[in-house]
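The next block holds one structure in the form of structure tokens; read it before the comments.
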Amino acid sequence: MAIVKTERHPELPPPVSQTGVIGWLRQNLFSNWWNTILTLVSLYVVWEAMSALIGYTIINANFAGTTREDCTGTGACWVFIKARFGQNMYGFYPEAERWRINVGYVLGAVGLFLVLSDVIKDKKWPAVFLFVVYPILCYFLFYGGFGLPKVETSEWGGLFLTLVLASVSIFVALPLGIVLALGRRSDMPVVRMVCVGFIELIRGVPLITVLFMASVMLPLFLPEGMNFDKLIRALVGMSLFSAAYMAEVIRGGLQAIPKGQMEAAKSLGLGYWQAMGLIILPQALKISIPAIVNTFIGLFKDTTLVIIIGLLDLLSVIKSGTTDKNWLGLATEGYVFVAAVFWVFCFGMSRYSIWLENKLHTGHKR
Amino acid sequence: MNNAAKASNKQDDIAIQLIGMHKWYGEFHVLRDINLTVNRGERIVVCGPSGSGKSTMIRCINRLEEHQQGQIIVDGIELTNDVKKIDEIRREVGMVFQHFNLFPHLTVLENCTLAPIWVRKTPKKEAEATAMQFLERVKIPEQAHKYPGQLSGGQQQRVAIARSLCMNPRIMLFDEPTSALDPEMISEVLDTMISLAEDGMTMICVTHEMGFAKTVADRVIFMDGGEIIEQAPPQEFFENPQSERTQLFLSQILHNA
Amino acid sequence: MNNAAKASNKQDDIAIQLIGMHKWYGEFHVLRDINLTVNRGERIVVCGPSGSGKSTMIRCINRLEEHQQGQIIVDGIELTNDVKKIDEIRREVGMVFQHFNLFPHLTVLENCTLAPIWVRKTPKKEAEATAMQFLERVKIPEQAHKYPGQLSGGQQQRVAIARSLCMNPRIMLFDEPTSALDPEMISEVLDTMISLAEDGMTMICVTHEMGFAKTVADRVIFMDGGEIIEQAPPQEFFENPQSERTQLFLSQILHNA
Amino acid sequence: MAVDALGRQGGDKVSLWRDPKARAVFFQILVITLFLAFVFYVGNNTVENLEKRGIASGFGFLSEPAGFGIGIVLLLDYNAQTSTHGDVLLIGIINTVVVSLSGIVLATIFGFVFGVLRLSKNWIVNKIAAVYIEVMRNIPLLVQLLFWYFAVLSVLPTVRDSIKIGENVAINNRGIYFPSVIPEAGFMVIVVALVVAIAGAVFLTRWAHKRQDKTGQAFPVFWSCVGLIIGLPVLAALVTGMPFSFETPNLGRFNISGGWVLEPEFLALWLGLSIYTGAFIAEIVRGGINSVSHGQTEAAHSLGIRPGLTMRLVILPQALRVIVPPLTSQYLNLTKNSSLATAIGYADLTAIFAGTTLNQTGQAIEVIAITMAFYLGISLLISMFMNWYNRRIALVER
Amino acid sequence: ATLDDVRAKGFIQCGVTTGLAGFAAPNDKGVWEGFDVDICRAMSSAIFGDPDKVKYTPTTAKERFTALQSGEIDVLARNTTWTLSRDVNLGFEFVGVNYYDGQGFMVKKSLGVKSAKELDGARVCIQSGTTTELNLADYFAANGMKYDSVLFDTSDEVREAYIKDTCDVYTTDQSGLYSQRSVLADPENHVVLPEIISKEPLGPLVRHGDNAWGDIARWTLNALIIAEELGINSSNVDEMKSSKNPEIARLLGTSGDLGSQLGLGPEWAANAIKQVGNYGEIFEKHLGAGTPLNIARGLNQLWSKGGILYAPPAR
Ligand SMILES: Nc1ncnc2c1ncn2[C@@H]1O[C@H](COP(=O)(O)OP(=O)(O)OP(=O)(O)O)[C@@H](O)[C@H]1O
Ligand SMILES: Nc1ncnc2c1ncn2[C@@H]1O[C@H](COP(=O)(O)OP(=O)(O)OP(=O)(O)O)[C@@H](O)[C@H]1O
Ligand SMILES: [Mg+2]
Ligand SMILES: [Mg+2]
């Protein structure tokens, strides 16, 4: 009655229609007539777009030369970017002192690499370097002191200023965001209300109004004679703005930590701050890293708005270039260049955050 | 295909037929040369170690997965890429999943009437009456207006069974219907299935509930490594397994139980 | 408060005392007039239907919840709003939770040394030595450098016990320590608890493991609706329950088992 | 410390400092004091500064004549000589709302289309959507707006070389021109017909629903409604003999005049906002649909429900719960981002009120306060709506 | 007071435009130069004896008043029209006029427009937050014409839009039009129409209330004009110090105490003239025939030579 199979059936390769190029094409591009049409239309669109794009940016573009007259091609005139490259990167920072910025970049890159990558297991010292030593170092390096000549912040500009704005704001926004997030979850109604009020107020208004306030109205609020550098005011505005967003991100992380963690910590005798610092925050921050990186990306893009208060970040330097008498009519090149620079940074960060998310995810599954 | 046509079918007593069926996931040969004939009214239990392809096989039967070689004939209709045939077969075949897969945004009653209304174009009143009938049959008419999230696992699984039955399928497939349930809930679901079986429904059931297999199965099928290794009536299967692998498998699960 | 002082205490043999204790959650009167005295070295098992307030009662003892009326005196110290006293009591009382609540971002060893280092200010070396001792005691010294996520449920719960022990508590509270575990893991945790009990630790344990209660409990306490209904030594409790509700409860759990 | 536990009822007075409740109260008093001190400090400085600098304060300026021209005025009559700064505020709000709403509509369309394409099994379609999303999300909006306005729209031909579509639609770097409709006597009939058609559509939908309940037969509601809403007014127009005329755009000395026009400032802002926000919405849509477990699709399929219906009846209702909250905050972002209009000359609230009016009157505090209050108000409204919606659709759990 | 603040911090915070060739614009090195800039430099010379103790805040037309009100800048030298409401209502003090201007229109030659009266229906690009906006509305209304306005924050953007033919007409003060035309790629293809539709006395301004500071600004400007009247320029100022002309002696601080009346050193005017130049020099250097702007002195000639430039006597 029983039917028994004794011989093992061999493992066969799948039919050709399933694998290899043909299988892939069949499954991904031509699985039915509707898909086939979609594929063909898309291919056409891609072809058109790519040929226009490559034609404009590479084939018909001009790379060599130094003046407007060298732009003879029908495509982009990259000479424009090249000729003003120094300004685009450093603003009016004195040429003789630009090495200082480059040193800062290198140190920052090394620090970031050590902290973010997996090369070193114990992140304590790199982190101390990056978050404590480096900022102080940069202050003197960029601004002057210890024998380095002073460079006024009004001379800072270009990509350099963009990076300064972005990194300082995030550096301030993170701790402030943590405080606000804890405040918003506090049991004390007054503290909670103040934090909620601040967060919602800031999140409810456009950044440019905040910047506008910081840049021109702040002195009205201060006693006469008390005044800050324009850059500092922009930094304060951006930091407060991103702190509010950061607070919400971190609150999300805090909410994801089960209540039991706090209870366990308490039952072991840890106080509120010990439990927060040793147990809750490390976990909450870890799971919110991807979201924090996303906030950072948003912040980084928002630095372009300082153009509205007259700081010479990358976009405004390029923009003033496009209105330079010698380079009129090259707005497209300028904007494409700015777009490309921002894209590289932001896309890099978003990839990093995805990589991290996957890493944390598998780590969690262990 | 109406019933008259079906009656004239010479294979009328065959509900499902798999002939030399193969399936690959990418490079991985997951089902190898499956041959199986299920007669109308037959109750079949499929068991085998994890990863042996049990779920894949029954999912091929209502085309939740595509097979690449061989034939699958359900109710006289061969499964091909033809959308119409797939629809026809899916209406004939009900399926119950391990994780119930109830629609959480609809009430129990709406879960049950959704397909009849939209697929069979049954008037709502009628569909609801039928649904209540089946909900009574699985003994939870009083839960009709709750949402799935408000029910226990066992109740949810019974709703899932009722939902399938509302489409009047001629064949039911079960994929480990009790393995996500707490022990005290398993029996209520098994009872429902047993009562179905007693009504003569054609059933293929992937399960490790050996008690159930012994009670209702006409045939037990043992799969391993993507192949059907052994088929036998339950008493023969449990008492006198032929293949080594079957013996090993049985010794494990009986030891655990 | 040093030991000499404690020795001079006339109530030295009383570990925990609840006197006319009431607690409300908002409007809901969850604990009503709880009176309980636990002697030093006594092992108490608390049982009762779900929602009867068992967890709430023991969580009040180390002030994870606040009580609103009556007194709780632990180790001679009355629980008030005084932060210092709360801290003192929490150091004396260890607690083990149903869901372990290990710190997933720290290794097993770090979990165990965290509180000694930060609360007791023990030097790290010393704390680690103590921790290893207790990990050996719960029979998982080899897991010291793994993360909790890499351990099985039973192992995790044993780490949680070791973690509590590292603070040298004089009293241990357990809140259903085995109910989130798979059956095969329950016994390893119970064994650990039994060995603790044999060493004379004062214990209050919420559990439905009646076997455990019979083996080690000095007294079984039955709660229902926020009240202590019955207290008795285990054999008396199981064989001859006095109150009706206790009888009903026992009949249910013994039936299920 | 020997404690006589039984003999004591209250317990000794806990020193305030060690009582967490007392500490909390103390801390809160501290916070509120600091907060008030800060507010007072800032307020005091401001008042002092205003006084010292002789800046008038108050909202009287809102009723003073504005005296400047505004490029885009909708709904209201505006006259540089007689209209007041209050009117400017109103126009700014209207323009902001108009560009935000139309941006929201278009961004939602972009978002849903690309979000669904991003899930397509067709590799190349999928990748095109991915490229759109990744490119647009990672470039600052301001750069995109400037690019659209200064690099793309200005590449369009000049007025005299307009691209013509048919006789009456012209596209050039001053915008897109359409003929406008001038109602004549009897035009009301068409309006009435439209109203009737809409009412009919509502009725038809209800009827179709009932009929399906009764007979099980589905009715092609969507297409019949579209037909009804378009057909009936057209029919009315034909019957009444076209009681309207077109004013066609004509090339004047400088500009095309007459007809309706979409200004390039509006176009750039509208497209820029929509394309940018659309990329974010696409990701949200994709996430939402992905969040519905595959088991739901399988269950629906195994019940014989076709893919299209499965999407409509099973997947989307569940995905929407996940999509709507982040979607709303994208709408909010779009509205706030419309303030970048000021960079490309669109007359929104920030540009004309927080710009020109502020400048003409010099009342920075009042103007900025009103502007912020407007955006804040919108934000609060939307979050209230969001909370309400979330509560309404939360899945019922045990 | 502002003077003390300025002395204490060691520089003047000077508000300028975000860039208007000839009036204020950073050169390739990022150093601000121009006609308006030199007013601030002259003040710096008068106060510190060094023209470079100035920090510049580029402001858009919109921001400028708020910046001055709030104390962000000490003086605004930025082609700003002196009007009653600005003087009174906004709380400022205009210290004089350094450039007499009037609003005009620029169009492309190819349009064949000869007069502003022909501009009915045109699309006009303007910088927002200027008197230009108001004059424009008035002028078109007065002549029964219609227009379409497009507003931009900075003059660069206005020019960009004009070049791109987004609008037909570029309107601003004539000086600005000349300045903007000078930086076009094809200046010869654009005409500035003859009509001047408004009076635009442009001058530096300070906050109301600090009269001492206002005096310094006012008299620095006046000193530059008087110097031109008296024939004192940057190259002969040192010789002139020994001049017998009492007017010159008072101005250059060799006799009298005008400097200390202002709270400055005796050499205040001499320094300004020496380091920055007299009014005529400044004008020629940035706007005159030798520059791309090529603006004639016109109204801005001394009163004695047919213009209306007239400084009160320094005594
Ligand atoms: N979508 C898929 N892609 C690739 N491999 C798959 C996929 N689904 C299943 N498999 C693999 O196919 C094999 C058979 O899977 P199947 O789910 O049919 O096993 P099963 O017998 O039902 O096991 P279980 O008892 O665990 O449910 C397994 O090795 C599984 O890993
Ligand atoms: N934070 C809370 N707020 C309001 N009510 C609560 C809270 N925690 C618990 N309760 C309620 O208090 C009652 C007692 O809860 P408790 O957790 O002590 O019961 P239990 O006896 O431990 O039950 P179980 O066996 O289910 O753990 C229950 O009715 C519960 O719903
Ligand atoms: Mg399976
Ligand atoms: Mg409990």
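Letters go in sequence order (proteins before strands), and every chain restarts at 1.
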Over all atoms of both residues, closest heavy-atom pair of [X] and [Y]:
X        : Y        : answer
D:Glu134 : A:Ser350 : OE1-OG, 4.2 Å
A:Thr332 : D:Ala151 : OG1-CB, 3.4 Å
D:Val31  : A:Val194 : CG1-CG2, 4.2 Å
D:Ser379 : A:Gly204 : OG-O, 3.0 Å
A:Val190 : D:Ile32  : CG1-CD1, 3.9 Å
D:Met372 : A:Val210 : CE-N, 4.1 Å

Could you tell me if the side chain of [Y] sits less than 4.5 Å from the side chain of [X], heavy atoms only?
X        : Y        : value
A:Lys301 : D:Tyr276 : yes
D:Ile368 : A:Met213 : yes
A:Val338 : D:Ile139 : no
D:Asn138 : A:Phe342 : no
A:Lys319 : D:Leu146 : yes

Pick one of side chain, backbone, both or neither for [X], based on which atoms fall under 4.5 Å of a heavy atom in chain A.
X        : value
D:Leu349 : neither
D:Ile365 : both
D:Thr342 : side chain
D:Phe27  : side chain
D:Val135 : both
D:Ile128 : side chain

Looking at [options], which makes the most heavy-atom pairs under 4.5 Å with chain D?
options                               : result
A:Ala339, A:Ala340, A:Gly334, A:Ala49 : A:Ala339
A:Val46, A:Val341, A:Leu201           : A:Leu201
A:Val41, A:Ile307, A:Thr303, A:Ile208 : A:Ile208
A:Leu207, A:Val205, A:Val45           : A:Val205

To the nearest 0.5 Å, what is the distance between [atom1] ([X]) and [atom2] ([Y])?
X        : Y        : atom1 : atom2 : answer
D:Trp148 : A:Tyr335 : CH2   : OH    : 14.0 Å
D:Leu380 : A:Glu200 : CG    : CD    : 7.0 Å
D:Ser329 : A:Glu248 : OG    : CD    : 10.5 Å
A:Thr304 : D:Gln144 : OG1   : CD    : 10.0 Å
A:Phe212 : D:Thr371 : CZ    : OG1   : 9.0 Å

Please determine whether side-chain contact (heavy atoms from CB on, under 4.5 Å) holds for the pair D:Val125 and A:Thr39, giving the CA-CA distance in whole Å, both sets of side-chain angles, and the decisive distance to 0.1 Å. CA-CA 7 Å; D:Val125 170; A:Thr39 302; 5.7 Å; no
For D:Phe35, I'd like to know if atom CZ has over 12 heavy atoms of other residues, nucleotides or ligands within 6.0 Å. no
Passes side-chain contact (heavy atoms from CB on, under 4.5 Å), D:Leu340 versus A:Leu305? Steps please. CA-CA 9 Å; D:Leu340 294 182; A:Leu305 301 190; 3.4 Å; yes
Using only non-hydrogen atoms and a strict under-4.5 angstrom cutoff, which residues of residues 36-46 of chain D touch chain A? D:Tyr41, D:Val42, D:Asn45, D:Thr46
Pick one of side chain, backbone, both or neither for A:Arg192, based on which atoms fall under 4.5 Å of a heavy atom in chain D. neither
side-chain contact (heavy atoms from CB on, under 4.5 Å) against A:Val249, all qualifying residues, sequence neighbours excluded: A:Ser288, A:Ala291, A:Ile292, A:Thr295
Trace of the side-chain contact (heavy atoms from CB on, under 4.5 Å) decision for A:Phe221 with D:Asn49: CA-CA 8 Å; A:Phe221 302 143; D:Asn49 284 331; over 6 Å; no
